[in-house]
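For this chain, numbers begin at 1 and follow the sequence in order. Both counts, for ligands and for their atoms, begin at 1 and track the order of listing.
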Amino acid sequence: MTPEELLKSKNINFKYSSSDLVVNCLSPEHEDKNPSMRIDKITGIFNCLSCGFSGSLFRYFNKEQNLLDIRIQNIKNKIKKLVKEKIYKPLTAINFEKEYRNISAETFKHFEAFTDNESKDLEGRIAFPIYDINDDIEFIHARYINSDIDPKYINLPANVEKTLYPIKVYEPNKGFIILVEGFFDMLNLWDKGIKNIACTFGSSLVGKKDIGNVKVINKFSQYKLQGINKLYILFDGDKAGRIGAKKLREALKNSYIIEILDLEEGKDPGKLSTKEIEIIRDYIYD
Ligand SMILES: [Zn+2]
């Protein structure tokens, strides 16, 4: 059953708007005269732009969701992408496999780190291919190796839609994942034994309240499909990190159990020591 079929079976009127269905808010507390609830046509995830009520249409009506529909859509997206130009690692890339910033060579190998001094864009940088759920490279993420001058991080192509990475959960049966802001935060925790980890490429995933929520919920649907139901948010111990963490919790609170792990002022996960990470690991894994 698709979200459209489900709405029809419940005699709920809806309109189409780009990739969404638009209905009167389903919240009993919201008398919605101008339809302000958007429902994702594929996942059935809904969000009311006016009151913020959000969740899954299937769960709301206690119906089994056909995950096959979502998988089919993923395949369609994959085909669409094949038609588009593919991104490859440059032929002149050299594997980066040594210790750097207190992170082991093995971890860099696992994430396929490379350098490419033949490339004008990547010269002097350590770079990583960012794979999507279908194992295609979505973009290349890179930072300067020996300096912090701006722009410290770049993406190729520039202005790519930021994603969550890795999007494939290492141990999905654990049911949880830890979210950090930066790629090197993710590397550091992975390196010290926290494998169910992903980076969000910045603390400001949730933009303007309304539209932002639907976008974020959709972004996280790939984790839901892999059986993740709990998120730990471990953003930087600064103002931006704390605000970002709270906004993210707000956007996802109806889809996940969420716990914010507050870091001391001035700390960030990329600089935590092995000892400090062990404390976090013991807390989460026990
Ligand atoms: Zn509403």
Side-chain angles (χ1 to χ4, degrees), residues 1-70 72-74 77 161-164 175-177 179 198 200-233 235 239-260:
M1 189 177 251
T2 66
E4 279 155 283
E5 286 163 352
L6 180 52
L7 288 174
K8 277 181 196 155
S9 78
K10 298 285 173 191
N11 289 319
I12 295 172
N13 290 326
F14 60 87
K15 279 188 247 162
Y16 294 94
S17 166
S18 65
S19 66
D20 293 333
L21 308 166
V22 183
V23 299
N24 284 316
C25 183
L26 294 171
S27 166
E29 280 147 41
H30 179 198
E31 209 187 311
D32 189 19
K33 300 227 170 72
N34 282 320
S36 44
M37 176 171 273
R38 300 183 82 89
I39 305 171
D40 186 85
K41 235 193 284 189
I42 297 155
T43 60
I45 286 166
F46 62 70
N47 186 50
C48 175
L49 301 188
S50 161
C51 75
F53 185 61
S54 63
S56 151
L57 196 64
F58 293 93
R59 208 168 321 139
Y60 184 83
F61 288 115
N62 225 340
K63 285 267 179 223
E64 188 102 22
Q65 180 166 25
N66 189 357
L67 294 181
L68 190 64
D69 288 338
I70 298 179
I72 288 169
Q73 194 57 41
N74 279 339
N77 288 343
E161 172 80 33
K162 300 267 187 44
T163 178
L164 301 160
F176 66 78
I177 196 159
L179 302 169
T200 58
F201 295 97
S203 61
S204 49
L205 270 84
V206 185
K208 288 216 179 91
K209 187 177 149 208
D210 3 336
I211 321 150
N213 286 2
V214 182
K215 244 177 133 181
V216 167
I217 292 168
N218 284 339
K219 209 176 252 191
F220 277 83
S221 63
Q222 296 289 358
Y223 288 146
K224 198 102 229 184
L225 286 175
Q226 294 171 74
I228 298 303
N229 51 42
K230 174 148 194 182
L231 305 174
Y232 292 95
I233 306 178
F235 282 1
K239 199 176 166 207
R242 291 199 184 97
I243 291 172
K246 276 191 194 138
K247 279 192 177 170
L248 189 57
R249 180 173 63 189
E250 199 53 32
L252 295 170
K253 67 179 179 195
N254 291 324
S255 316
Y256 291 91
I257 301 162
I258 295 168
E259 186 170 340
I260 294 177

Novice: Who are the side chain to side chain donor-acceptor pair (under 3.5 Å) partners of S54, not counting sequence neighbours?
Specialist: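 Applying side chain to side chain donor-acceptor pair (under 3.5 Å) to S54 gives N254.
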Novice: Give me each pair satisfying ring pair (Phe, Tyr, Trp, His ring centres under 6.0 Å) with a member in residues 20-46, each pair once, sequence neighbours excluded.
Specialist: F46-F53, F46-Y60
Novice: Anything protein N/O/S under 2.8 Å from the Zn ion (ligand 1)? Just list residue and atom, please.
Specialist: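 Correct list: C25 SG, H30 ND1, C48 SG, C51 SG.
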Novice: List in chain and number order the residues that pass side chain to side chain donor-acceptor pair (under 3.5 Å) with K63, two or more places apart in sequence or in another chain; answer none if no residue qualifies.
Specialist: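 So K63 forms no side chain to side chain donor-acceptor pair (under 3.5 Å) with any residue.
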Novice: Return yes if some donor-acceptor pair links the side-chain N/O of K219 with the main-chain N/O of K162 below 3.5 Å, else return no.
Specialist: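 The answer is yes, because a donor-acceptor pair under 3.5 Å joins these two groups.
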Novice: With rounding to the nearest 0.5 angstrom, report the CG to CG distance, L7 to L57.
Specialist: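 One finds 5.0 Å between CG of L7 and CG of L57.
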Novice: Between E4 and K41, is there a salt bridge with N-O shorter than 4.0 Å?
Specialist: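 Salt bridge absent between K41 and E4.
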